There are 2 protein chains.
Amino acid sequence: MPPNKEGAGGRDDRSVTGKLFTLLSVFSPRRTVLTLSEIAHRSGLAVTTVHRLVGELVERGILERDSDRRYRIGLALFEIAALAPRGPGLREVALPYMEDLYEVTRENVQLGVRAEDEVVFVERIAGRASVGVRTRLGGRFPMPPTGLGLVLLAHAPSEVRQRVLEAPLRRFTPHTLTDPERVRSVLSDVRRDGFAISDRQVTSDALSVAAPVFGGSGEVVAALSVVLRFGSVRPSSLAPAVRMAARGISRALTAPVTSSETTRPD
Amino acid sequence: MPPNKEGAGGRDDRSVTGKLFTLLSVFSPRRTVLTLSEIAHRSGLAVTTVHRLVGELVERGILERDSDRRYRIGLALFEIAALAPRGPGLREVALPYMEDLYEVTRENVQLGVRAEDEVVFVERIAGRASVGVRTRLGGRFPMPPTGLGLVLLAHAPSEVRQRVLEAPLRRFTPHTLTDPERVRSVLSDVRRDGFAISDRQVTSDALSVAAPVFGGSGEVVAALSVVLRFGSVRPSSLAPAVRMAARGISRALTAPVTSSETTRPD
DNA sequence: CCGGGTTTTCCGTTGAACGGAAACGAAATC
DNA sequence: GATTTCGTTTCCGTTCAACGGAAAACCCGG
């Protein structure tokens with residue numbers, strides 16, 4: 001068998017770092033608990049190698065083993081990831097505003113950022129009453145069909161937009177826009193209006209209203225959205241509320257020139 | 001200089017895995033954004049080595065670099081960590097019950113698990129109105145003075161209890177229990193009663209009521225708590241509600257023998 | 001233009017990582 | 001309870017990726 005080329009994760013398995021990464025990438029929402037040989041098989045790495053690496057990872061709490069002796073992602077990883085500025089860091093400052101927005105709308109409120117050419121969901125507040133959304137924290141989704149994605153894509157560097165619109169646009173419902181030119185025009189509306197509406201692009205019963213969150217130097221660092229059942233409210237009537245919340249977050253992000261950002265001597 | 005021994009993170013830096021881990025461990029709530037040489041310095045690794053490792057990590061999205069060229073924890077790590085069964089995985093199933101508990105009490109609701117000899121906070125719902133709590137998601141805290149910790153410690157393997165109670169018990173307020181024997185007796189009450197009350201152990205204005213969350217085989221896998229302002233409500237009056245919520249989570253954890261747990265052929 | 005810091009490239013040396021092989025263990029299957 | 005199967009772990013000789021010192025490139029602020 002050729003050394004790598006397939007497997008599950010990244011491209012280059014030569015370095016230990018690469019191996020570790022592909023090894024960890026074998027875990028997925030569908031497979032959060034794996035045996036040693038499953039990991040080996042799916043990562044395309046030698047069992048022996050995986051055995052050694054995985055051993056070390058367990059020692060450090062990056063992976064965990066239960067009584068069933070199988071492996072899962074450990075708390076240590078969670079603890080480190082909690083420091084990601086664009087992940088939990090962002091969530092931390094955004095949450096109060098998201099809660100307000102939720103109180104006012106009683107609908108799903110979502111926060112997302114762009115990772116490469118997709119949206120990654122960073123936080124969600126889901127009311128019992130609200131429409132079911134199939135978003136998982138830390139999960140990815142194509143940008144064009146989601147409200148969050150439209151906002152992020154509208155403000156992404158043009159190469160990104162180029163790549164995304166060149167690739168075939170996946171259809172989820174009869175309403176999904178699949179013509180790049182149509183999307184392009186929507187995106188320019190988004191830039192003009194300061195918010196995006198994605199109407200039944202992912203499921204036929206839901207639509208979302210999204211607005212950009214700005215960072216210190218005016219770039220869009222995230223997007224905030226409300227997902228609602230189709231036909232419940234006139235979507236554009238929610239736009240001001242969503243924009244307000246998003247601006248609140250933007251301000252909160254910009255304001256704090258806290259000393260914690262500053263490097264201090266030991 | 002002796003090869004390792006000091007530095008910031010783990011014990012053994014010989015292996016690449018170890019280096020990577022210590023390197024990442026250099027990031028902390030206080031220092032989420034670092035320069036190359038800071039990382040090198042604080043991890044005790046050679047600049048060259050850090051340079052190479054960090055380069056690879058950035059390539060894979062584990063670390064990120066902004067326009068300021070400094071390094072921070074990246075989204076890729078967040079995405080992987082989102083799969084941790086004891087982290088976001090647990091949170092996912094617990095959240096609805098936590099929300100119910102919050103609706104009923106309008107107080108801070110917290111979820112935590114044990115990592116080695118400390119509590120790690122996995123989720124928190126904080127109302128505007130509720131007492132300020134100084135807990136950070138993914139943050140650690142000693143067990144004895146917190147409600148969550150008392151529950152976790154009460155049901156931890158006896159070696160853990162031994163270790164924790166042998167070590168000096170840190171005092172936070174005049175009320176903090178520092179006598180191991182007193183704590184031992186509290187712990188046995190916790191086991192008997194099925195809930196714990198931590199009265200002004202961390203701050204003089206707050207106390208918490210906590211209950212255990214059980215996993216499939218009857219072990220305690222997490223703890224749930226409500227933090228309230230001292231003097232507001234009779235704490236024991238909340239115990240039933242907290243226990244109910246915790247049991248709800250336990251049931252939800254046990255019930256789903258979903259096919260996603262099962263390994264299926266490719 | 002100079003001098004501190006940091007970041008990056010270069011490259012010869014070496015030991016950590018590698019992985020085949022085989023022993024070991026656990027749990028179905030007969 | 002004997003046999004097969006599948007997963008895990010130990011062992012060990014080979015080799016190449018990782019290492020890190022040195023020096024160049026870069027980036028300020030003075």
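Within every chain, numbering begins at 1; the chains are lettered A, B, ... in the order of the sequence lines, protein sequences first and strands thereafter. FYI, side chains are in, hydrogens and waters are out, and symmetry mates aren't considered; it's all heavy atoms of this structure. Bear in mind the structure is a predicted one, so any value in this text is a computation, not a measurement.
Distance alone, capped at 3.5 Å, places no donor-acceptor pair between the A/Arg124 side chain and the A/Gln110 backbone. Using modelled atom types, one side-chain atom of A/Asp68 and one backbone atom of A/Arg70 make a donor-acceptor pair closer than 3.5 Å. In this structure, the side chain of A/Glu38 engages the main chain of A/Thr35 through a donor-acceptor pair within 3.5 Å.
Using bins of under 30°, 30° to 60° and over 60° for the plane-to-plane angle, the ring pair B/Phe214/B/His155 lands in the perpendicular bin.
For A/Phe141 and A/Phe172, the ring centers are positioned less than 6.0 Å apart.
Here the closest non-hydrogen pair linking A/Ala81 and B/Leu77 is CB-O, 3.8 Å.
For the OP1/OP2 pair of C/dG15 and a distance below 4.0 Å, the side-chain nitrogens and oxygens of B/Arg14 include no atom meeting the criterion. Of the side-chain N and O atoms in A/Lys19, one or more sit less than 4.0 angstrom from OP1 or OP2 of C/dC18.
One axis for each end of the helix from C/dG5-D/dC26 to C/dC30-D/dG1, each built from five base pairs, and the angle between them comes to 60° at 10° resolution.
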Short heteroatom pairs, N/O only, protein and nucleotides 4-7 of chain C, under 3.5 Å:
| from | atom 1 | to | atom 2 | distance (Å) |
| --- | --- | --- | --- | --- |
| C/dT7 | OP1 | B/Thr35 | OG1 | 3.3 |
| C/dT7 | OP1 | B/Leu36 | N | 3.1 |
| C/dT7 | OP2 | B/Ser37 | N | 2.7 |
| C/dT7 | OP2 | B/Ser37 | OG | 2.7 |

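A salt bridge between A/Glu118 and A/Arg170 is absent, with no side-chain N of the basic residue lying under 4.0 Å from a carboxylate O of the acidic one. The residues A/Arg72 and A/Glu64 are annotated as not salt-bridged, no charged nitrogen and carboxylate oxygen being separated by less than 4.0 angstrom. Electrostatic pairing of A/Arg60 and A/Glu56 counts as a salt bridge here, judged by a charged N lying under 4.0 Å from a carboxylate O.
For A/Arg136, the CZ atom is densely surrounded, since the number of other residues' heavy atoms within 6.0 Å is greater than 12.
From the 5' end on, the contacts that DNA chain D makes with chain A at under 4.0 Å to a non-hydrogen atom open and close at D/dG7 to D/dA18.
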